[in-house]
2 protein chains.
Amino acid sequence: MRQKRGGRAAGVTMEDVARVAGVSAMTVSRVLRQPTLVNADLKARVEAAIRETGYIYNLVASSLASQRSGIIALILPTVASSIFSDSVKGVSDVARTHAVQMIMAETNYAPAEEEKVIEALLRRRPDGFIIVGVSHTRATRALLEKSGVPVVETWDSTPTPIDSLVGLSNFDAMKAMTEALVAQGFRRIAFVGTATRDRRAQMRAKGYEAAIAEAGLGAPLILNAEDLTSMDSGRVIAERIAAMRPRPDALLCLNDVLAAGALLAFQRMGLTVPGDIAVAGFGGLDFSSHLSPSLTTVDIPRYEMGQKAAEMLIGRIAGTAARGGTCEMGFRIALRESTGGSRPTEAKAS
Amino acid sequence: MRQKRGGRAAGVTMEDVARVAGVSAMTVSRVLRQPTLVNADLKARVEAAIRETGYIYNLVASSLASQRSGIIALILPTVASSIFSDSVKGVSDVARTHAVQMIMAETNYAPAEEEKVIEALLRRRPDGFIIVGVSHTRATRALLEKSGVPVVETWDSTPTPIDSLVGLSNFDAMKAMTEALVAQGFRRIAFVGTATRDRRAQMRAKGYEAAIAEAGLGAPLILNAEDLTSMDSGRVIAERIAAMRPRPDALLCLNDVLAAGALLAFQRMGLTVPGDIAVAGFGGLDFSSHLSPSLTTVDIPRYEMGQKAAEMLIGRIAGTAARGGTCEMGFRIALRESTGGSRPTEAKAS
DNA sequence: ATGAAAGCGCTAACAT
DNA sequence: ATGTTAGCGCTTTCAT
């Protein structure tokens, strides 16, 4: 503790530790960062001095001097949803084993907001970005490219990622789900989408439309949910569906949250699932299998996508992975009770 | 862009912007931080130079020079659970309006891990901490006190917070819930707790025990869940409960996730809720009201706790709030269908 | 209202 | 194996 020009009391610095241990600051730094390079008893003396002084390493100074922050930035549509929490955990677990910290920001599914938060995070000089989605404003893309920071995009697919990609084909997955429903015998399959321009949502809607067209089932029937992440939105849709004549025989939802909201709402109205109407979701969230009837869904490897993205990013940061790396994740159609169970149909992976 | 000693290309700096604008770096800094202090046309020139060069402010350097990181640290038991996500959002929303960023870490409900993550985060020199829980190791408390960083603890209550507190009485809340069940006429009320030493969980268990004792209902009946945050854990408990003879007439759970898991499992086994057994939870999570039957729960102001904690912390950081500030949040017993609804009930029998 | 000098606490590069 | 020097890119303080 010393007095500064400004009169503020400062904390213990590396210099203080060095003085106590009778070495130079560089030796303290080495003990902390490359302990094998220093003599055992010097090391012990430094470690004792650290304990004695209560020194806490300053990563702000370290980041400035080394030009590496040890932070990776995670950009999500929303942080308050179970949809992404497993991916976050996947990233977080990998980050921890590499001693890097994670900083998150949410875009509320809006590219313009994404641009803002990425710009804000860039000020912290993160060593890399993991971004959910591949659809960005021109400015966002330019910003990231100019910054030279490694980027891994995920939860969607594209032939032209900014840098690297952990991909998921929302189109293929929702098309496969729709085809599975057709194979189960459903003929009037309605889809719950969104009016927002969220690319993952749009690709899923297109996958549904493609399957409907290929099956020759007539015009697709799409309803838009207000809020993609609330069960209440699912309930609202269910009420609209229930009032339709003729009523659809199956309701396919953009995600499991909406599907669960719809399923429970149907039951509350006295409709049986799947007897009166079948329900299917997307995401494979934990609670889906606990519902009664259990929810048919597209199971996607959320945790693994987070892990994989973090591993790729850390490889890019370390320079061991090349730019342009791509890895496509599969999905699995989990047919459960809400669509009449899992008579042996194909379980597709890609 | 310039060449450094090491030969690495560096980004645009404030100095570069200053040169382009024909001013000193200090003026650029002022334009960015206290724009009213600088002459309008100088300001315009600087802003043009910023745009022209694509300058991105460096918060790492700023943090080091100003001794303020603009980061607040959030310590949670777990990040991958809906239980805390609304509180996170509350903190995040307030943080954003004050242009501070948030960095999170999880403790997995373990004080020893909490100590580790707090030490790790302290290295980033956050301007303040928000910590879920009031139970910490001696070392954690000493560390935080020595660091002098403002701390707001939340989601639990104590007369001796480290610094400031946004309190919630888990004891009172669970006692009130138990009393409500007794008032509804339930007599064999089982409780799902945990074997871990998580203080909030323990206080809830104690609240239950106190109410059971006061009602003269005999010995409390406590089962421990493996995992506090999975519905599957609730299912396992439900199976054990269903096999008991005589069977409890109500099951009160530590949180809504366990309660939902149990409720759905009972239904799957063919038991009716609340006819065969009533179920109640804790937390007031969004999906509770959507279940069928809707789940009786203790509704707590999760988002508001996050908001309030962030506001207090920012006040402490700015120096406008004094140390030792405390604010106690309330709770609300939400009687719903899973315990027979909210008909006005008679006073409890003894 | 603007600028110059002197750090903030660390690490890269070089020297021994 | 350890130390010295010169920054990293800002902000604080003081001077003008």
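Residue numbers start from 1 in every chain, and the chains themselves are labelled A, B, ... in the order their sequence lines are given, proteins ahead of strands. Quantities reported herein were computed from a predicted structural model and do not represent experimental measurements.
- In this structure, the side chain of B:Ser63 engages the main chain of B:Leu59 through a donor-acceptor pair within 3.5 Å.
- Out of D:dT12, D:dC10, D:dC8, the shortest distance to the side chain of B:Ser66 is found at D:dT12.
- Inter-residue side-chain proximity for B:Glu153 and B:Phe129 is flagged as unmet; no heavy-atom pair is nearer than 4.5 Å.
- Atom-to-atom, CD1 of B:Ile56 to P of D:dC8 comes out at 19 Å; the value is rounded to the nearest Å.
- Rounded to an integer number of Å, the gap from B:Leu59 CG to C:dC8 C1' is 15 Å.
- Residue A:Asn39 has a polar side-chain atom (N or O) positioned under 4.0 Å from OP1 or OP2 of D:dT2.
- Shown for residues 24-34 of chain B: residues whose heavy atoms fall under 4.0 angstrom of DNA chain C, namely B:Ser24, B:Met26, B:Thr27, B:Arg30.
- Sparse packing is recorded around CZ of B:Arg197, with 12 or fewer heavy atoms of other residues, nucleotides or ligands lying under 6.0 Å away.
- As rounded to whole Å, 13 Å separates atom C1' of D:dT12 from atom CE of B:Met14.
- For the pair A:Arg124 CZ and D:dG9 C1', the interatomic distance rounds to 15 Å; values are reported in whole Å.
- Straight-line distance from the CD1 atom of A:Ile50 to the C1' atom of C:dC10: 14 Å, rounded to whole Å.
- If you take CZ of A:Arg125 and P of D:dG9, they are 8 Å apart, rounded to a whole angstrom.
- A:Leu64 comes within 4.0 angstrom of a nucleotide base, judged by non-hydrogen atoms across all strands.
- Using a 4.0 Å heavy-atom distance criterion, B:Leu42 is classed as a sugar-phosphate-only contact.
- Taking atom CG of A:Asn58 as the reference point, atom P of C:dC8 lies 12 Å away to the nearest angstrom.
- When side chains are defined from C-beta on, A:Ile317 counts as touching A:Arg68, because their heavy atoms get closer than 4.5 Å.
- Using a 4.0 Å cut-off between charged side-chain N and carboxylate O, B:Arg45 and B:Asp41 make no salt bridge.
- Residue A:Val23 is in sugar-phosphate contact alone, with no base atom involved, counting any heavy-atom pair closer than 4.0 Å across all strands shown.
- Between B:Ala61 and B:Leu37, the residue anchored nearer the 5' end of DNA chain C, judged by the nucleotide with its closest heavy atom, is B:Leu37.
- Checked for salt-bridge contact, B:Asp86 and B:Lys89 miss the test: no charged N lies under 4.0 Å from a carboxylate O.
- A side-chain donor-acceptor contact under 3.5 Å links B:Ser69 to the backbone of B:Arg125.
- One interatomic measurement links the two molecules: CD of B:Gln67 to C1' of D:dT12, which rounds to 11 Å at whole-angstrom precision.
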